[in-house]
Each structure stands twice: as C-alpha cells, then as structure tokens.
Amino acid sequence: MRLLEYQGKELFAKAGIPVPKGRVTASVDEAVTIMREAPAPSVVKAQVLIGGRGKAGGIKFCSNAEDVKEPARAILGMRIANAQNPQGEVAKRVWIEQRLDIDKEMYLSITVDRASKRPIVIASSVGGMDIEEVAHTNPGAIVKRTIDPATGYWPYIGRSIAKEAAMPLGVMAQFSSILGKLYDLFFSAGALLLEINPLAITKDGKLIASDAKVEIDDNGLFRHPEFDAWKTAGEEDPLKARAVKAGLGENNYVGLSGDVGIIGNGAGLVMATLDAVTSAGGKPANFLDVGGGARADLMRDAVDIVTSNPNVKSLFINIFGGITRGDEVANGLVAALQGGSWSTDKLVIRLTGTNEKEGRAVLEQHGIAAVETMNEGARVAVDLAKK
Amino acid sequence: MRLLEYQGKELFAKAGIPVPKGRVTASVDEAVTIMREAPAPSVVKAQVLIGGRGKAGGIKFCSNAEDVKEPARAILGMRIANAQNPQGEVAKRVWIEQRLDIDKEMYLSITVDRASKRPIVIASSVGGMDIEEVAHTNPGAIVKRTIDPATGYWPYIGRSIAKEAAMPLGVMAQFSSILGKLYDLFFSAGALLLEINPLAITKDGKLIASDAKVEIDDNGLFRHPEFDAWKTAGEEDPLKARAVKAGLGENNYVGLSGDVGIIGNGAGLVMATLDAVTSAGGKPANFLDVGGGARADLMRDAVDIVTSNPNVKSLFINIFGGITRGDEVANGLVAALQGGSWSTDKLVIRLTGTNEKEGRAVLEQHGIAAVETMNEGARVAVDLAKK
Amino acid sequence: MSIYLNADNKVIVQGITGREGLYHANRMNAYGTKVAGGVTPGKGGQTVDGFAVFDTVSEAKAKTGATTSVIFVPPPFAADAILEAANAGIELVVCITEGIPVHDMLKAVAALPPGVRLVGPNCPGLVSPGQALVGIMPGHVFQPGAVGLVSRSGTLTYEIVDLLTRAGIGQSTCVGIGGDPIIGTVFTDCLRAFEKDEHTRAVVIVGEIGGTDEEDAAKLIATREFTKPAVAFIGGRSAPEGKRMGHAGAIVSGGTGTAQAKVEAFGAVNVPVADSPAQIPALVERILAKAGRA
Amino acid sequence: MSIYLNADNKVIVQGITGREGLYHANRMNAYGTKVAGGVTPGKGGQTVDGFAVFDTVSEAKAKTGATTSVIFVPPPFAADAILEAANAGIELVVCITEGIPVHDMLKAVAALPPGVRLVGPNCPGLVSPGQALVGIMPGHVFQPGAVGLVSRSGTLTYEIVDLLTRAGIGQSTCVGIGGDPIIGTVFTDCLRAFEKDEHTRAVVIVGEIGGTDEEDAAKLIATREFTKPAVAFIGGRSAPEGKRMGHAGAIVSGGTGTAQAKVEAFGAVNVPVADSPAQIPALVERILAKAGRA
C-alpha cells in the first residue's frame, strides 16, 4: 500500500520527523480558506502516487487566498501520466504547504535489502532528483548502509553516514536524529519504503522532509487499523478490488494493458504463462493467480473478474494439477465455467498433472478447448484474441 | 524511583496489561463518592512503598458508599512499618479497586540480571506471597529466564515459561501476551523492576495484575517527563531531597539510623568508612558521597545537610586526595567549614593522598582534628558521638 | 543422496491441529516422511489422526527426537513459530505460511540462531524423492535421481519436476525456497549444498523477477564455488516494473530485479537459460551429456 | 607486564572538547599515555591543546591508528559512544561516564561486537603503572610491580593502591571496573587476564555489596581457572538492605548481594578478606610470602 504525500507527511510528523506546515483538500473553496487562514508563499501539490507530477504541471505556487484558485482548479481533477503508466492517475486532492527557503537538497530512504535480509539506509548529499539518476551520474555521492535489527539503530550510525555522504557538519546531529526516527517508523509502521526526497536544508540550517514517499507492507496491515482510512485498494483498478474481495491476496491480480486474459494457479506458473503469451506474440491483459487450491467458486470469480475487463478478447486458463487429480480439476473448471457468461469459444485451458488426459477428456466433452502444453495454450489464446 | 501501586497499575493499563478497575483518593469524602459511583465489592488499599501493608492493617474491604468510610478513615494517615523499616511510612492515599473473583494466584516479574547483563523474567504458578519465600519453600515452582535484548521477546518464550512453570494450559496465550507487554514496558519505561504479585487467574479464566510493584531507573528519568508528577524524591527523607537539590545524585545521600555523620569522596570509600565506624562500635547516621572532586561549596552543603539531622552527634569527613594535593583539599575543607554552623569539636577529618601531611597541618592550624588513617578517624568519631 | 533432507529426518508439524497442517501431516506421512507429531499451544496431550500433539516445540523435540519442523501457522504467528523451532534445537525449519509481514521476517532472520537452516517462508517445502517430503508438494511427480532443483516458485516447480520426471530425469532434492522478499535459504545456500552432495550431477535453478538472488547465484558460479552443470529459468520476463506478480518478492523496482539482468548474469557464466519450462528437460540432458564427455 | 593496557596502546578521547575530556586527555598525556587525539561530532578538524579532533571514531582510528578509546560524553549519549568505538574497530573501550541509564547499557552490551573489551561505565579506568593510564585515576599513587588489582570502586582503589605503594608493593595493572549494575568487564574477566599475565604474582579484589560478581570470582578460583594468590576486600558490610550506596550497583536486594555472602564465598576458596583497607598490604605480603615458599 502506497501513501500519498500528505499521508506520508502526517506519518512523518507523528514520528517526530520535521515536515513543512500544510493542509490537504479536495476542493477549490477549501483551498481558498486554507490560504486565507495562513497567507504565506505556498506550494500546491497534486496528490498522486505516480511519478513525474512536477513535469506534468501537478506542482504550482501561490501566496494568498486569491492566487490559490487558479492552481487548485488546474490541478484538482488533472490526469497525470508518465512513460511507465501512460493511462495515468487523476489528482483528487491537493496538498498546500508553506514554501521552504531551501539551501540544499539531499536524499534519505530506508527500504528492505533482500540480499542482506536487513533494512538498508540510502543517503546522499545530492537530492531532489531521482536517486537512480544520482546513482548513474554521481555514484560516489550515495551512501548505502544496512542495519542489523538485532543491534538496531544508534545515533553514531547516522553521524557516520552523514560524514561519509559529505553532508554539512552542521546538520550531522539533526540528520542522525531524523534517521533514528525514520528507522523506528520503518518497523512501527511496517514500511517497505520510507523515502525523503528531497531532504531539505533550509537557509537557517534546519533539516526538513520536503517530500514523503511511503509504501506499507500489505501483509502487515492487520496490525495497523489506523491505516484503514487510507486504503485505496483498487481505487485505481476496480478489478483488483474485486479480486481482493473474492478472497485473493493483494498481489494475486495485476491489471495489464493487453487483450489475453490469464488465469493460473501459482504465481510462478502464471508469470511463466504471461511470458509464454508474450513469446507467442500476444499481450496479457492481466496476471491472476488463483492460488494452489483452485477451488471451483474461486475459479468462477476469477473468470468473471478477468472477463469483465472490456479489453479481454480471449482467456487462457493454465492449471497444474498438483495434489488434486486432473479429472477432478477438470470437473471443477467445468462447474465454474458453466455458471459464467464467458463463451467457451474464446477460451483455452491447459491442464497438466496426474490424470491429465482424463481431465482434458472431461473438458472436451463439455466443448472446452483443452491443450497439452503451456506454449500450445499460449499460441491458441493469442490466435483467439486476434480473431 | 519506586511507584505506588496505583501508579504502577496506571502504567500497566497504558501498556495493555489487564488490571482491576480502581481509583485513587486522599480523602474519605472522595472514597465515598467513588463507591457511590461504582457500588461493588471493593478493596481499599494503603498506597505505601513499604512491604507488609496487609499484615499492618493497610488493606480492608467494603462494598458500598457507607461501609467505605471506616476503612478509608482507618487507612488514610496510617503509619505502616515493618522489621526492615521500623520508622515506617504514612499512607497518604488509598486505592479503591473492585474485588476479583480469584481462582489462583501466580507470580511474574522482570528485573535486571547483572550476571548475564540481560533482563530476567521470573515466573511462578505459586504467587501472592513473597517470591523469596517461594524460592525457599518451593524452589522448583520458580522459572527464571533471561532474554537477550538483541533478539528480543517473542511469544513462544512466554508460552515455554508458562509450560515450564506448570501454569494452567488455558492461560498460556494470555500469559505470553502479558509478558510481551511487560517486556516492552520494561524498556519503554526504563524500569529496574516490574513485578506482578499476585498475577491472578479469575474464576472465569482471565489473567489480571492484582498488584503492581514498579521501580524506574533514576538515570533514565530524563527521558520520561511523564513520571515527573510521580517523583517523590525525599518525600520520605527531606535530607536526601536537599542533597539532590545541592547537585548530588539520587544515590549519593542515604539516611541511616545512627548518630555518626559521615561524608567522603567516592562511594567505595564512603562505604568503607561506614564499615569502619560500625567496626569501631558506632552507628552511621548517613552515607554521603560528595563525589570525586569534592569542591568547597559542595562540601559546605554536604556538612549542612548531614549536621541538620538531629540524631547526628559527631561528624567524620574522610577524603582521599587523589588528583588534587592534600593541602589544597585541606584549604577547601577549611573554607567549607568556616562558613558552616557545625562545631569543630564534634568533627574529625581524615585526609590522605599527596601532600597529606601538609594538608593535616592546615587543618590543625584551624583547630580541626585531623587523623592519618580511616580506622583512627572512625574511632575518634565514635568516641565524639558518645561524649 | 540429497541435501538438507533424507529418510532419517524426524519431522514435527507446527499447527498440526489446523486444517492445512493436519492434511499435509497425513500426506507427508503417506509419502514416507517420518512425521513424529505436532505442536499446537494449549492443545498438548491430544492426538489427531494418530499424531501426538505438544504445547511447545521444546517438548515435542524432547519427546520425539525430531530435528525438522514444518510450519503451517497463520501469518501473524509464523515468525514466532520459526524462532520457537530454531531455539528449541530444530535444525531444519520449513515455513509454508504465506503472507508473513516483511518486518516479522526481518526480525526473525536477525534473531535466528546460527546453524539453523530455515527454508521459506511462503514456500512449498522440499523433497528428496524416494526419501522424504516436507511441505505441500505433490509427491507423485517426483522421481529419485541426480538432478537438484531449487526454485522460488511452487506450482511452476511441480510443473518443471513433472516434465523432468516424464523425460526420465530423476531428482536428488528439490527445494522450493519461497516467493517472499525475505527468505531463510537462498539460491546460493542450495548451490553450496548441491556442490557438496556427491549424488547431484546437475542443478536446475528456477528464478523469477525481483531481488538479486539469481545474480548472486551466477556470482557463485563465476567464483567456482559452484562448479556443477546448471540450467536456469527466469519467470516474469514480460512483467512491468513496479508490480508485484503474485509473490510479494516478485517485483522489479528501481531498475533492480529485472528478468533481463538475471538472464544476462546466467549467460555470462555459461548457464543456459530456458525460454519456457518445456525446454528444461532437453537442456538438462544436454548439459549432463556435455559433462559426461568432459 | 600488564593486562589490557601497556605502553603501546594508542588512545583517543571521545568527548575531548568537553571540560573533563580535555582535562584528563592532558593528564593521561602527562602520565605518558599515547593520546592520539579525540572525537567530538561536528567539531572535526579543530585542535584542542594540541590534540586533533575528529567527527567520528572511524575517522579518528583511520587517521591515528588508535586501538583504545576513553569516553567522557554525557550519560544520554554514552552508550552510543561505546558502540561507535566498538564498531569502528577499537579494541579497548573505557567508559568513564556515570549515570548512564541501565537500559542503554542492556542494549549496548547486547549489541557489542565480540572481541571488544569494554571497561566501565561509571569507572575510573585502568592503569598499568609506568606504562600507561587510561581514565581519571591519580597516576602518582601507582608504582610498577607484580600485584594486580581489580575494583568496583574509584577513590577506594586509589586509597588501597596508595597503601600498597607506600608498603613497597608495586602493581602490574589496576582496573576500576565500575560501580554500575551493568558493566562490560567483570571480576572474572580480569582474573582470567591476570592468570595469563606472567608478570602478575597476586591480585587484590576490591568488591562491594550488590550483584554476584564477587561470588562468580570465587567460583573461578574454586574451579582453578584462577590460581594465583588473592586478597579481597568487600565494602558496604554495614549497609542496610534496599538502599543504593552511592553506586547504582551497590545495593542488597531480595537477599542477593550481601557482604556476608561475598565474604563467605571468598573464605570458602581460602582468599583472605581484609576487614579494612589498611590490612590489605600486610595480607598481600603474607600471601606473596606463602606463594614464594610453596
């Protein structure tokens, strides 16, 4: 679960990390009120998860109740897109915060380092731009340090990072304190990513989080009812919301831009299926893993969800029988499909595992195209989509 | 800093540890109000730090607004003493809590294990009495487990302790959860001792902290302004309060019951001085360590504090010169004593270290008795007290 | 003959009174695994389907002599179960549970006593065909043999094993290491173990997008710490950046974890990478034949 | 010649720009200790009384080659300073600071990398007479010789050393281990070190009420892990239960930590316990003479 900037800053503020004063709103009128109550040079920022909002015109300036109207009007409802996500995202809220008098922009984040199995701090005295860009143009300016949860964070760690990153000596203690609070927040909030970019040094020498990028681990959300109000699962993708509602995990449905609907059991198998469809010249419309068991009712929901995507032109169901026998799986699939509205004409099922031949026979008896291999199924599905 | 039961229970409740419902009061009238608002079988408990309040009549029962008057009147203002502390302590408040329907009394505490340098959990399925008594009569009923702060507390630790202590299976999960909260509280509050005795199992199978004994590390109090209101430093001993006010540490002044006032520099040296006075047949009136430096102004305060104890009949100042030369120390002592009201007749100073002879000469010039050894000083001080 | 697991491992099931735990206890038992009992706190003393239930792993270990545990407890309690097993002297801990919070695993891994082998979480377990199966894999697709397999996936593993078995290629041990970002045993651990196992002649590495575990495996080959012939497959080559593909750990982010990087890493150490699972048996036959000639 | 500290130790002072830190840096330097500089975060690049100041211990170590650090930073920051030194590769960390929260020390000790020797906190440091002094002890009372001393006290240590020196009994190394409940180096650590030090012929153990460190020392003698002649002194025999006598660690509580138990423990292993510090020189002479005859 990713947080919008204003949510992240609220989280930071509660953790004692300095953030600029600001308020969020979804209306121009309220934006005017906000500026009337605190007339000061301010920034109006589109609240979207997508990157590149600045370039897209999602960040504008104002200084009083009058001149906030135009930027608020312009940004609220604006669709912001970028190269990775051409569909983009609509800004439903703006965050209006007081402008900082910034002397220098730095970078700080904590995320999970899979190789060391530890949290990793990434810091740079060069910030305000994409850290991968810094890594590319100025790799020496980036300091990475993993922290052993067993010994935890101690202020000297922050001081040595500040020193190594050649941050100004005057902010060493502040930096160490902010990093300590960020580290505590990383665990207490169950975060996968806490990023402050830029971490600004103001003209009067204070460190302040000028932006906030936060991702919370979905698996840990059950411990955090306080985030319930911020859950936007599927707000951008109603099909994902339906998948979650049907009992699938947060990651089991992923919407994609193609036209071949895909359902399989097991994440690795589904990924391999997507790859097979792509190899066969097709474009997957989605990733959907029904899980190891593949119960009939869940399979029916899965078919309904995938096929209600108007882009879907064909459906490829790829099941490995596993513990259950192939004929039993086939009977389950038949039951699932008979109740649904999807035509068996645009459907191909690949079924393998024990008793796979018997399984395929059951499917064919019910007029369902059954194939033997994943690659064959992919080819058929791509052909069906092109018809 | 030790907390009264009601303070400890407040702390427990905030940490999510179940405690009986109750309220504290310093007046009979309010006790009546409390019972009027919640008429239920209740316990009226004297709020004192001293042990043995039950035997001393500091715990009584009531069930409504009428019958609370007598116990509240009896306990408020009661002086409760025990063998170790015959002077005792006055109950200024009572804690009125609803009576529990108790099935079994157990024991649970966390404290600092110096040998392993770790927190140690002590648990027993036998509680409600002094744990040292249990250790004596039924040592097998006590489970001790140190916890490595690097790996921390995990619920299985609590379950295995419950199992080993032969607690009822039905409370295993509750016990593990309570111990987890107690462990977190141990660190978050900076506690030296958290003791629940008894940890009660109610008739309906719930675990609840029927008493609360808490000691907070004075050295960590600067991180806990929330405890400021509970600070009672010197409430029992005004001389200790003056010592702390003069800039000495919480442990630098300890009031004792004898008549030989003692001042020295360095805790080990002062302890040895107390022992020497005791060996010489005297009784120390106090322990006072002025610290390594022994500055003149602090020495003057120390003399004032020790000699304002009306029991003090003689004063023994025992200084090891250390870094400072003996004659300089002597000049400082003379300056400190000249401003004070204590007669030099009832004073003996033992001064040693570099230039000790010169130092003693300075003292004697000012009519102050100076001796060469600690044992000699102790003998003189004891004699002076007996005169 | 195998790595980590052989016919001697005595296994207990944590969460044995749960639906999944009991079902798979019976399946493992049927496969021939020595299932010695199980643990469910507060239910000690009961017997389910003939399996003795204990309150703690310590007790279960003391009474049964088990050295292996397989965990089927719900996500909020699973990290605790792992550490309970590890601290009770269990040597091989296999955690099936999916959905454990990442921070629980960060803390659990940091607290894991040295010398304990944790496989998973969010994994299907491991099988040494003909000897023992610990986890949820379908035992009948496996066949004893000389090819090791290590995979981040579940179903895809069964699929690949099934293909191998049909092609007459038996397996020494197949380890499903799991699809979470933080897992106990990684590719390099398994490769080091397979390197030492005399019986294993080649290894199939089934990777996917996310992390750098495949790149680390390639490095181990580059440094000659793993020298046996290997074939790889990387799932998720068509996955877009920033999306978690089913597995919490299957995500390309910040340019890290791309399939391309992994394919290139294996290519650089002359490990053939299959385009589809179907190619794997033939590739294995080829590297075995090549090794046989060498 | 000595334990832990000799003429080669290069020392840095953490908190060197503070009043106490600088004062004792100069004193240690005057004693002959190799003081290589100091650390005060944010003040790197300055020079105080000729000592170079660095921002971090890592930097100080890299630039000066120091292997020893002595800490004079205020209590809230002292545990951090200990771990900074320990993780920067400093081998001997001496923490003078008094008043560190017990929980800071519990965490710091748990986080201390293996192999680092921490002395203190709340200790006067250590002296190997004629070689080096690290801490706040008055150097002039010490005299090189063959008697080791380990003590939980400060001033009382100087007093006893002064008595020994006046009696012509020189010292190999005197270690003030500190008066806090949680300290890095305990009696048994020092006794093991003295056991190995060829030059040390006997040891004086200056204990006090609280804890079981003295009893543990006696056990080490009982198990013959420490075999040299020893004399003990226990301060606080007249202290009442439940009161902290100056040192946070000097408290009898729950029947543990009584002087009586400690005196008895030493008595049981034939270590003479002095009734007063004044008796110590004579007792040392006696045990040395006895050992000489044996």
Side-chain angles (χ1 to χ4, degrees), chain A residues 84-85 111-112 114-115 117-119 131-132 135 148-151 186-187 190-193 217-223 249-252 254 256-257 264-272 274-279 283-284 287-289 292 319-324 352-354 373-375 378, chain C residues 27 75-76 98-107 109-111 124 136-138 140-141 151-159 162 179 181-183 186 206 208-213 216 233 235-251 254-255 259 275-278:
Chain A
Q84 287 86 51
N85 185 348
T111 179
V112 175
R114 297 161 62 150
K117 305 174 191 176
R118 290 179 179 180
I131 192 68
E132 289 156 45
D148 181 356
T151 50
F186 186 74
F187 278 93
L192 296 178
L193 170 70
D217 178 21
D218 291 321
N219 287 339
L221 281 178
F222 69 90
R223 294 213 182 97
E250 280 288 334
N251 306 323
N252 283 38
V254 179
L256 300 168
S257 57
N265 64 337
L269 187 65
V270 181
M271 264 187 274
L274 264 67
D275 296 345
V277 166
T278 307
S279 283
K283 283 192 162 180
F287 169 104
L288 198 161
D289 168 18
I319 301 289
F320 183 86
I323 288 171
T324 322
T352 186
T354 341
T373 72
M374 187 177 345
N375 290 348
Chain C
R27 284 196 64 85
E98 178 179 359
I100 303 179
V102 169
H103 292 74
D104 285 14
M105 284 311 303
L106 286 173
K107 289 180 205 160
V109 165
I136 59 172
M137 301 213 202
H140 61 275
V141 303
S151 170
R152 284 169 64 187
S153 157
T155 322
L156 183 61
T157 302
Y158 319 153
E159 162 109 31
D162 192 43
I182 304 295
I183 51 177
V186 294
V206 183
E208 62 189 30
I209 52 165
T212 58
D213 202 9
D216 293 341
F233 174 79
R237 279 166 300 158
S238 59
E241 178 162 348
K243 305 268 187 188
R244 288 180 201 281
M245 306 302 277
H247 285 155
I251 180 169
D275 284 329
S276 87

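We name chains A, B, ... by the order of the sequence lines, and we start the count at 1 in each one. Note that the structure is predicted; figures quoted are calculated from it, not measured.
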Pairs of heavy atoms under 4.5 Å with chain A: top-ranked of [options]:
options: S151(C), P75(C), P76(C); value: P76(C)
options: S153(C), G99(C), G235(C); value: G99(C)
options: D216(C), I251(C), I183(C); value: I183(C)
options: D213(C), D104(C), V141(C); value: D104(C)
options: G210(C), P277(C), G236(C), A259(C); value: G236(C)
options: K107(C), E208(C), K243(C), H140(C); value: H140(C)

Discussion item. How long is the straight-line distance from CZ of R152(C) back to CE of M271(A), given to the nearest 0.5 Å?
Written reply: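 Going from the CE atom of M271(A) to the CZ atom of R152(C) covers 7.5 Å.
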Worksheet item: Hey, what do you get for CG (L192(A)) to NE2 (H103(C)), rounding to the nearest 0.5 Å?
Response: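 These two atoms lie 6.5 Å from each other.
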Worksheet item: Heavy-atom distance under 4.5 Å between the side chains of V270(A) and M245(C), does that happen here?
Response: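 No. Closest side-chain heavy atoms not under 4.5 Å.
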Discussion item. Between V186(C) and K117(A), is there a side-chain heavy-atom distance shorter than 4.5 Å?
Written reply: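 In short, these two side chains touch, coming nearer than 4.5 Å.
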What part of [X] lies closer than 4.5 angstrom to a heavy atom of chain C: side chain, backbone, both or neither?
X: V112(A); answer: side chain
X: T373(A); answer: neither
X: N375(A); answer: side chain
X: L256(A); answer: side chain
X: F187(A); answer: both

Under the 3.5 angstrom rule, does the side chain of [X] hit a backbone N or O of [Y] as a donor-acceptor pair?
X: D275(A); Y: R237(C); answer: yes
X: R114(A); Y: G249(C); answer: yes
X: D289(A); Y: G246(C); answer: no

Nearest heavy-atom neighbours spanning [X] and [Y]:
X: D217(A); Y: P101(C); result: OD2-CA, 3.3 Å
X: L269(A); Y: E159(C); result: CD1-OE1, 3.3 Å
X: T155(C); Y: N265(A); result: OG1-O, 2.9 Å

Below 4.5 Å from any heavy atom of chain A, which atoms of [X] appear? Answer side chain, backbone, both or neither.
X: L106(C); result: both
X: V102(C); result: both
X: A278(C); result: side chain

Discussion item. For chain C, which candidate among G190(A), A272(A), A378(A) shows the most heavy-atom pairs at distances under 4.5 Å?
Written reply: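 Top option by heavy-atom pairs under 4.5 Å: G190(A).
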